[in-house]
Amino acid sequence: MAAELHPRSGKLIGLSNSNRTAQRNQPVQEFNHGLVLSREPLRDRNVFTVRIDKKVNSWSGSIEIGVTALDPAGLEFPSSATGLKGGSWIVSGCSVLKDGRSVLEEYGRDLDQLGEGDRVGIQRNGKGELHLWVNGQDCGTAASGLPSRLWAVVDLYGKCTQVTVVSCEHPPEVDGEEDEEASRTHSQPDKFPNNFEPDSGGGSSSNSSPAGSSGGVAGLGVAAGGMTTNDALLFHEKCGTLIKLSNNNKTAERRRPLDEFNNGVVMTNRPLRHNEMFEIRIDKLVDKWSGSIEIGVTTHNPNNLDYPATMTNLRSGTIMMSGCGILTNGKGTRREYCEFSLDELQEGDLIGLMRKANLANQTPGVVYGVVDLYGMAVKVTIVHNHNHSDHLRRNNAIMRALSPDVGRPRPALSLTPEPDVPDRLLFHPNCGQKAAIISDGRTALRPHATDDFNHGVVLSNRPLHSNEVFQVRIDKMVDKWAGSIEIGVTTHNPAYLQLPSTMTNLRSGTWMMTGNGVMHNGTTILDEYGHNLDRLKAGDTVGVVRKEDGSLHFFVNGVPQGPAAWNVPPSVYAVVDLYGQAAQATIMDDLGEISGATTANDLRFHQLHGTNAVITNGGRTALRQNCRSEFNDAIVISNRCLRDGELFEIVIQKMVDRWSGSIEAGVTVIRPEELEFPNTMTDIDYDTWMLSGTAIMQDGNTMRNNYGCDLDSLTTGSRIGMMRAANGDLHYFINGLDQGVACTGLPPEIYAVVDLYGQCVQVSITSSSGPLDNSLCTSNITEKSFPIHSPVAGVAHRLHSKHGKNVVLLGDGCQALRVDGYAHGIVFSAKELKTDEVFEVRYDKWSGSLHVGLTTLQPPDLPSCPLSGLSPSLTQLRSKVTWVLAGSEVRRNGVLQRQNYGCSLDRLTVGNRVGVKRCSDDTMHILIDGEDMGPAATAVAKNVYAVLDLYGKVTAVSIVSSTLVEDSESVKAPSLSPDSCSEGEEDSTPGREVCHLRGSYFENHGKNIQLSNQNLTAARVSSYNQGLLVTAQALPRQQLFQFQIDRLNPSWTSSLSLGVIGHSPDRLNFPSTACCLKRSVWLLQRDSVFHNSLKICENYGPNLDTCPEGTVLGLLVDSSGCLHLFVNGMDQGVAAQDIPSPCYPLIDLYGQCEQVSTCDYVRCQGDMEKADMVDGIKESVCWTPPPEVNPNKTCEYQALCSRFKELLTLPDGYFNEDAKYNLCYCESCHKLRGDEAYYKRGEPPRDYALPFGWCRFALQSTHCEVSNAFKKWHIAYHGTSVGSLRRILDHNQLLSESSSIFSLSPVKTEGHGSYGEPEENSAPEREIPRVQLSPTMRYSGLEVFAPKVQFRDPRSLRCHQAQVGFQVCVRPGSYKVGPTSLGISEPLDPRFSNAEIDWITKEKGGTLLYGLLIRVE
């Protein structure tokens, strides 16, 4: 039979190669609609086999395969194979589904783990049984009772994007397979690690004789037989003498763990299959012994093996991992197999091994998994339900680098339902490893939420009834992790379920809402569903209900999100996963608000919309599909007319950074049925009013500019509302605040319209939509105002009459005075603070030591004054949750949360102002003299009072803020400042004389720029672009224009660019970025020079993206018309020629760069002299980099090296606390400092090379006193391994044992990775300790000295290789200079010959550790 695919297939499938190859189109954008079927029905015993050609990493899930009785000629193809009904059997992952329902779990191989080149086939045998074949091996019976007429089904799902049919024929006879395998086993040399074959002279002889060999073949037959069954991997009943098995042989425990440390060997009940993960979880450890668990494989059959006391005693057929090394037949073959040691694992950690199929010819045919419960290891359990990508992404050991409490035992928990509600929904006591159940089963929490982000799964104590709503309230959140609460249902009984780390890992009977998607058995089935759970905050609620028709619905804050799944079986348990930020949740009983929420608001998006728009979530959500390839054609309109005074509000849920421009919103009289949806709504030329950016447009024409808000500056989470007042005025609302009248005279019966344009991708109608209070409908606010600082116009804030016993209030509650003592000076605001409302006071008498913050304590509930029972100081106020800033430390209920926040309050003086506010994102901000210091605390409750403590020196403060709620977004209004001209002044005549300060910026600038300080300071107040500015005066020849980088925002990438423009900025129309200027412009960007947007020079000067805060940049045009760049006063040479006169300096505050300030013009005096430099700085600075030239704030390479250093989990006490002593030697940083490649140091002076390409982290000894004491010493470098770092730092000196290359014997010249073994009974050598050094890292950084290790960057999730070494001071005369010991003939460093590149020291104390060096590739 011809092995071809049917020409009818899923809508995204393309067929080629005579219908033998199928490819899913748009594999990165779409994950389903990839269904293909065989052209003809299958014949009995024929295996329909396909090869996986291509996979992508964008999705979870992969190929699915099976059979169906449905004829493809008349089939309506579903989105995935699991949607096939009417007699369909599909293998998905390691589950078998019939008509979409799971009938068998843990079957065969996990298809999600197959790679490119693997082959998978499906077969119906003569008995009507379904068999899966993977790479030629039968996985056993998957189902029985199949009809005779079946078509093969292949679903190119998720990661799988292309397959090719390779055959459809009978499989080879089993006997022939065994003979062929046996002959291959005996004909090929065994390439399993050296000496794996049994020793001829000892050990077990089960496999050493010819009989044993034949037994090996029999064992192979057993393995083959094992492949045709669906037996789970368990522990073998025969085990070590002290082992006790339980849990159906999945758990092994060593008896008498405090008396005996060995005789704890257990093996698997069958051989391991190809690519099968054998994974165990450590359940129990004891602290009495050294050493811990060991794991590996052996060729010995457990039925015939006499178990040794420890597995490392076995001298044949065995490989074990012990500590961080590998032992083969009891002898060490790899000393440092990985950077993590098994002896350091803790309870709850997982460890596994796998026999790879692609290395089958290098391993014996039969190997059993083996575990030695040695020393500290007492109890383990075999783990099924593998999700290897999740284990890699959430590596336990790496997480422990950030979480020292991982593995800490949970307290005993109890669950006692209330007697009056016997069927009350509670949490089941069986919960995740890091979860706990409290409050009689009503509340679940992760006690150490800042230490770990998963293992927080909790289930309900009983199945849900039909139509019964299970709802929880989020009580507590942390801001350390990504992701948040997940909720759903499962068919698994919590009493018997082995809880996974996250519920989305469970591959059967589970439906979960995660983020704004819905997953079934770990696979996404709805990508854009409902409100994003990751954006919920403390106090929000989520719920789930299974209705009688089998549909599953979710609720967010009582609002139904629509059907999420169908055909959900009855008797499902509710599931909550306290993942990521979610730390605590409580079950809610009062669910009446949910039923009422369905009719609270009938505003929806109309079913008619633009071609690229999609309406989901029951009409409440609109999104633009293909958002990275399409930016328009996504207009949506309300389903009915807006009533007078009715607010139509939406929230932006998703944005992309690919396009310019963003959402546009407005109203139209045109009915949806009559509207021919254009590309953008501003194309409509009748009966339409739109807000685009800051412009109000009517019928496509701009009728007003600079309206009170800018839609292009809104971000994810921002809310936009529209309302027609009864008098015909149109108002816009941003985050609930009225922006004033946009236009007047609108007719009645208008529809709300939204254009999902450019960056805006998805919006949802909020619950705030509906009728508003009349006072809002008639608001006359027409301008956005900036925060009003002292003095205050209007009604001032007041202090509450309840206060500390040493305080008296004056001036009608506007001033507080402490009249006695140094404490008991707590005062509160008179009312709760509204969102974004600033409560501000001024120092009146003395200064310093004021404490300020927010509290949930309600002053009206306090007893009458004087409050002798109130805490003497604010840091001791703990009866209610209180956030306080004391000095520069932020505390929550007295517990330190953050250090070095903003400007210390202790340094303020009389007349300074301090303010506090709670922002809409639930953060506390502190303001000093009106300047926002940024978020001080997160997850701040909604109903809070401002609280102050007149503690210590400060004795009196006065309120200087008003009760007016200030719009937090107004501070970011583009091109507006208190100094800026009024609208009428903008059109002044050219002849009007304007007085400019020299070096000041021109008032025509990018719309996100705000000028201050008499136009000498420019700040970008919104977004990452639209930050262009030009100086008010032309740049004279031979005069240096300089400015300083004041503020950087690491949230963005890239940074500023600068240059000159050859025409007047008076009428310049500023684009979004400087690179869009294409007329008479010379621009310096990164390390390149552009002219009219064309690159004319590369590798010029330092990379501007790496300039830190405090860097002074300058521009100069010399007398020849050449443009020069100056960095910290140093001329970088000619950047461009033929610069016209006049020209104007141009700066683009882009990306990270948010604020600059100009310096005065400086007359150029010629080239500067270079000072005597050491490492690029003066000797007098104690050989440490000054802060102003330290690029560690923004250097991406240094940040990457820092993240790797954090993963090493080295104690902070070894390193200098002051980050300015750390130095990056990447190309950009050392060019920025002007470093030379070589310097001299010591007496007598000796050359050394700077470690270009490395990053140095200063050790604790690096301070002026020590460095001055060792100025006479020489500088050298020492490469070492990651595993040796801790020993070296503990001893505070280089050790000869730190690496194999520094061993006591001469360096071996064997192949890399080979290890010699000491002769039996020989004593270790302890003759002469030698440490190897070099004056250049080009030699000490070779891989033989500094082995590379691979790690995954926790930020980018990319894999990198890293090396480590030390920069040391070495005493002159304590070392011997010699030739390289590696036999290298090519010169390694141009300054040092190979005859003097190797330094050897034998003197203890002859070296001083100076800095840790890290290099990352």
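The structure presented is a predicted model; accordingly, all values stated were derived computationally and were not measured.
Residues Val544 and Phe555 form no side-chain contact, since every pair of their non-hydrogen atoms from C-beta on lies 4.5 Å or further apart. The shortest side-chain heavy-atom distance between Tyr157 and Ser62 does not fall under the 4.5 Å cut-off. With contacts defined as side-chain heavy-atom distances shorter than 4.5 Å, the pair Lys11/Ile13 does not qualify. By the 4.5 Å heavy-atom criterion applied to side chains, Val575 and Ile487 are not counted as neighbours. Under the 4.5 Å side-chain criterion, counting only non-hydrogen atoms from C-beta, Val154 is not in contact with Leu5. Side-chain contact check for Leu642 versus Leu603: some heavy-atom pair is nearer than 4.5 Å. No side-chain heavy atom of Ile635 sits under 4.5 Å from any side-chain heavy atom of Asn679. Side-chain contact between Ile696 and Thr702: absent, with no pair of heavy atoms (C-beta onward) separated by less than 4.5 Å.
Of the N and O atoms on the side chains of Ser484 and Gln581, not one donor lies less than 3.5 Å from an acceptor on the other residue. Using modelled atom types and a 3.5 Å distance limit, the side chains of His731 and Asp738 yield a donor-acceptor pair. Side chains of Asn521 and Thr523: a donor-acceptor N/O pair is absent below 3.5 angstrom, by distance only. Defined by atom type and a distance below 3.5 Å, a donor-acceptor pair is present between the side-chain atoms of Thr680 and Asp683.
Arg546 places a side-chain N or O within 3.5 Å of a backbone atom of Val568 that can act as its donor or acceptor partner. In this structure, Tyr707 contributes its side chain and Gly693 its backbone to no donor-acceptor pair below 3.5 Å. Side-chain N or O atoms of Asn612 include one that pairs as donor or acceptor with a backbone N or O of Asn632 at under 3.5 Å. Here the side chain of Lys159 pairs no donor or acceptor atom with the backbone of Val56 at under 3.5 angstrom. Checking side-chain atoms of Asp699 against main-chain N and O of Asp687 turns up a donor-acceptor pair under 3.5 Å. Side chain of Thr510 to main chain of Ser508: a donor-acceptor pair is present (N/O by atom type, distance under 3.5 Å, no hydrogens or angles). A donor-acceptor distance shorter than 3.5 angstrom exists from the side chain of Asn557 to the backbone of Thr541, with no hydrogens or angles considered. Side chain of Arg624 to main chain of Cys627: a donor-acceptor pair is present (N/O by atom type, distance under 3.5 Å, no hydrogens or angles). Side chain of Ser638 to backbone of Ala752: a donor-acceptor contact under 3.5 angstrom is found. Side-chain N or O atoms of Thr68 include one that pairs as donor or acceptor with a backbone N or O of Leu70 at under 3.5 Å.
Among pairs with a residue in residues 668-702, none fulfils ring pair (Phe, Tyr, Trp, His ring centres under 6.0 Å), at least two apart in sequence or across chains. Residue pairs satisfying the ring pair (Phe, Tyr, Trp, His ring centres under 6.0 Å) criterion with at least one member in residues 710-729, sequence neighbours excluded, are absent. Annotation: ring pair (Phe, Tyr, Trp, His ring centres under 6.0 Å) contacts involving residues 615-636, sequence neighbours excluded, comprise Phe631-Trp659, Phe631-Tyr757. For the side-chain hydrogen bond (donor to acceptor under 3.5 Å, both in side chains) condition, no pair includes a residue of residues 23-34, sequence neighbours left out.
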Test side-chain hydrogen bond (donor to acceptor under 3.5 Å, both in side chains) on Ser466 and Glu548 and set out the steps.
CA-CA 5 Å; Ser466 293; Glu548 286 181 342; 5.6 Å; no

Step-by-step salt bridge (Lys or Arg N to Asp or Glu O under 4.0 Å) determination, Asp644 to Arg724
CA-CA 6 Å; Asp644 287 347; Arg724 179 192 181 275; 2.5 Å; yes

Step by step, would you call Glu646 with Arg640 a salt bridge (Lys or Arg N to Asp or Glu O under 4.0 Å)?
CA-CA 12 Å; Glu646 182 179 31; Arg640 62 168 174 80; 2.6 Å; yes

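Across all non-hydrogen atoms, the minimal contact from Ala81 to Glu64 is CB-OE1, 3.9 Å. A pairwise comparison of heavy atoms in Asp577 and Thr502 identifies OD2-CA, 3.3 Å as the closest pair.
The side chain to side chain donor-acceptor pair (under 3.5 Å) check on Arg8 picks up nothing, with sequence neighbours excluded. Qualifying ring-ring contact (aromatic ring centres under 6.0 Å, His included) partners for Phe554, counting only residues two or more places apart in sequence or in other chains: none. For Gln1026, the side chain to side chain donor-acceptor pair (under 3.5 Å) criterion is met by no residue, not counting sequence neighbours. Partners of Ala613 according to the side-chain contact (heavy atoms from CB on, under 4.5 Å) rule, which considers only residues two or more places apart in sequence or in another chain, are His609, Ala634, Val636. Shown here are the side-chain contact (heavy atoms from CB on, under 4.5 Å) partners of Thr716, two or more places apart in sequence or in another chain: Arg535, Met655. Judged as a side chain to side chain donor-acceptor pair (under 3.5 Å), and not counting sequence neighbours, Ser662 has no contacts. With sequence neighbours excluded, no residue forms a side chain to side chain donor-acceptor pair (under 3.5 Å) with Lys98.
Note that CG of Leu97 and OG of Ser88 are 11.0 Å apart. Values are rounded to the nearest 0.5 Å. Annotation: the span from Leu756 atom CG to Lys654 atom NZ amounts to 12.0 Å, rounded to 0.5 Å. With values rounded to the nearest 0.5 angstrom, Gln762 atom CD is found 11.5 Å from Ile663 atom CD1. Atoms CZ and CD1, on Arg101 and Ile90 in that order, are 16.0 Å from each other to the nearest 0.5 Å. Taking OG1 of Thr514 as the start and CD1 of Ile485 as the end, the distance is 11.0 Å to the nearest 0.5 Å.
Partner of Ser764 under the side-chain hydrogen bond (donor to acceptor under 3.5 Å, both in side chains) criterion, chosen from Gln561, Arg620, Gln653: Gln653. Each of Ile637, Leu675, Ile615, Val753 was checked for a side chain to side chain contact (heavy atoms under 4.5 Å, CB included) with His606, and the lone residue meeting it is Ile637.
Summarising the local packing, NZ of Lys547 is surrounded by 12 or fewer heavy atoms from other residues, nucleotides or ligands at distances under 6.0 Å.
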Hey, can you pull the donor-acceptor pairs under 3.5 Å for the side chains in residues 743-751, sequence neighbours left out?
none

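The pair Asp112-Arg507 counts as a salt bridge, with a side-chain nitrogen and a carboxylate oxygen less than 4.0 angstrom apart.
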